[in-house]
Engineer: 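What follows is a structure written as structure tokens; I'll ask about it next.
Predicted model only: the values in this text are computed from it and were never measured. Note that these values count all heavy atoms, side chains included, but never hydrogens, waters or copies made by symmetry.
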Amino acid sequence: MKKWKILAIGWPLLCFIFAGIIILQPGRGGEEQIVDVVFTVFPLIFFAIGMRIQRRLIKERIYATIPTAATVVFIKNTVHIGEGNKRIYFPEYEFQVGDTTYHVKSPSGFNHCYVKKGEQVELYYAPEDPNVFYVPVMYKHDKRWAVLLCGIGIAYPLIGLFAPQIRAFMPL
């Protein structure tokens, strides 16, 4: 979590420093300056979403250490109103610890469900609180999203910072 905190705080601060450099740097026109600053600051939204997903995944991996077999008992799907009215799936799992049966719902929704009702899956839960869990099959897809979103949040500000050099190579 220490590396996560350093990156979560340090990168946005660095991006604002980049924006200051862009504003103070001579040679950029007013329109180019605005576009480059937006290119440096706006992607932080993607970075923040990716880091939030990453934080949840780290927390789950730290605390959920006990493996068990779980059964997918229900897959709740909701329609996300907006462009395309996409379905979001929330799998629910059932597993047993000693004499107690736990019924847990995925904390995040997925636009594609990678498990089927009745399927047996590997699940890791926290011994102190079995409601803290992760399913490796679903975990890898969340991890990919986190990496993609953080990657956008890191690459685009660098593009904004080095935009004059990039424009020199690709004249319009």
Side-chain angles (χ1 to χ4, degrees), residues 1-19 38-158:
M1 283 299 270
K2 187 176 181 178
K3 289 179 186 177
W4 180 90
K5 286 179 183 177
I6 291 169
L7 187 60
I9 295 168
W11 183 250
L13 290 175
L14 198 55
C15 287
F16 285 110
I17 291 170
F18 292 167
V38 168
F39 227 72
T40 304
V41 177
F42 181 72
L44 289 177
I45 295 169
F46 294 98
F47 181 77
I49 294 168
M51 289 302 283
R52 184 164 187 241
I53 294 170
Q54 187 67 27
R55 181 172 182 249
R56 179 180 55 83
L57 295 175
I58 290 169
K59 181 182 167 192
E60 289 171 354
R61 288 294 299 255
I62 288 172
Y63 297 111
T65 57
I66 308 296
T68 190
T71 304
V72 180
V73 292
F74 185 71
I75 299 173
K76 179 182 177 189
N77 67 63
T78 59
V79 177
H80 183 309
I81 305 300
E83 279 188 45
N85 296 330
K86 297 179 182 177
R87 291 199 175 277
I88 306 295
Y89 300 94
F90 293 87
E92 295 182 21
Y93 308 94
E94 187 175 270
F95 62 97
Q96 198 160 357
V97 177
D99 294 335
T100 308
T101 300
Y102 290 93
H103 187 89
V104 292
K105 180 180 167 187
S106 180
S108 60
F110 303 90
N111 60 356
H112 178 74
C113 195
Y114 301 98
V115 295
K116 294 180 177 134
K117 186 177 177 181
E119 182 180 353
Q120 287 279 337
V121 295
E122 182 180 29
L123 180 141
Y124 287 81
Y125 66 92
E128 307 82 35
D129 181 10
N131 291 312
V132 175
F133 71 96
Y134 77 93
V135 178
V137 170
M138 304 304 275
Y139 176 89
K140 70 180 183 180
H141 300 288
D142 277 353
K143 181 74 174 169
R144 287 179 188 158
W145 270 110
V147 168
L148 174 69
L149 293 170
C150 287
I152 290 169
I154 291 172
Y156 278 55
L158 292 173

Engineer: Any chance you could measure Phe74, atom CZ, to Glu94, atom CD, to the nearest 0.5 Å?
Structural biologist: 13.5 Å

Engineer: Measuring from atom NZ of Lys5 to atom CE of Met51, what distance do you get when rounded to the nearest 0.5 angstrom?
Structural biologist: 11.5 Å

Engineer: Does any non-hydrogen side-chain atom of Leu57 lie less than 4.5 Å from one of Trp4?
Structural biologist: no

Engineer: Taking ring-ring contact (aromatic ring centres under 6.0 Å, His included) as the definition, give me every residue that meets it alongside His141, ordered by chain and number, with sequence neighbours left out.
Structural biologist: Tyr114

Engineer: For a quick test of reading the model, state the closest non-hydrogen atom pair linking Glu122 to Pro136 and the distance between them.
Structural biologist: O-CD, 3.2 Å

Engineer: Locate the shortest heavy-atom distance separating Ile53 from Leu149; write the atom from each residue and the value.
Structural biologist: CD1-CD1, 4.1 Å

Engineer: If only atom types and distance count, is the side chain of Trp11 paired as donor or acceptor with the main-chain N or O of Gly153 below 3.5 Å?
Structural biologist: yes

Engineer: Taking only residues two or more places apart in sequence or in another chain, which ones pass ring-ring contact (aromatic ring centres under 6.0 Å, His included) with Tyr102?
Structural biologist: Phe95

Engineer: Where do Glu60 and Tyr134 come nearest, in terms of heavy atoms and distance?
Structural biologist: OE1-CB, 3.5 Å

Engineer: Hey, what do you get for CD1 (Ile75) to OH (Tyr89), rounding to the nearest 0.5 Å?
Structural biologist: 8.5 Å

Engineer: Quick one: pull up CG in Leu14 and CG in Leu158 and give me the separation to the nearest 0.5 Å.
Structural biologist: 8.0 Å

Engineer: Measuring from atom CZ of Arg56 to atom OH of Tyr139, what distance do you get when rounded to the nearest 0.5 angstrom?
Structural biologist: 9.5 Å

Engineer: Nearest 0.5 angstrom please: Tyr93 OH to Thr68 OG1, how far?
Structural biologist: 13.5 Å

Engineer: Considering non-hydrogen atoms only, spot the tightest contact between Lys116 and Val72 and give its length.
Structural biologist: O-CB, 3.3 Å

Engineer: If we only count heavy atoms from C-beta on, is the Leu44 to Phe16 side-chain gap below 4.5 Å?
Structural biologist: yes

Engineer: Looking at every non-hydrogen atom in both residues, tell me the closest pair between Pro43 and Ile152 and how far apart they are.
Structural biologist: CB-O, 3.8 Å

Engineer: Compare every heavy atom of Val41 with every heavy atom of Ala19, then report the nearest pair and how far apart it is.
Structural biologist: CB-CG2, 4.0 Å

Engineer: Flag the pair Met138 / Ser106 as yes when at least one side-chain heavy-atom distance between them is below 4.5 Å, and no otherwise.
Structural biologist: no

Engineer: Using ring-ring contact (aromatic ring centres under 6.0 Å, His included) as the criterion, list what pairs up with Phe46, not counting sequence neighbours.
Structural biologist: none

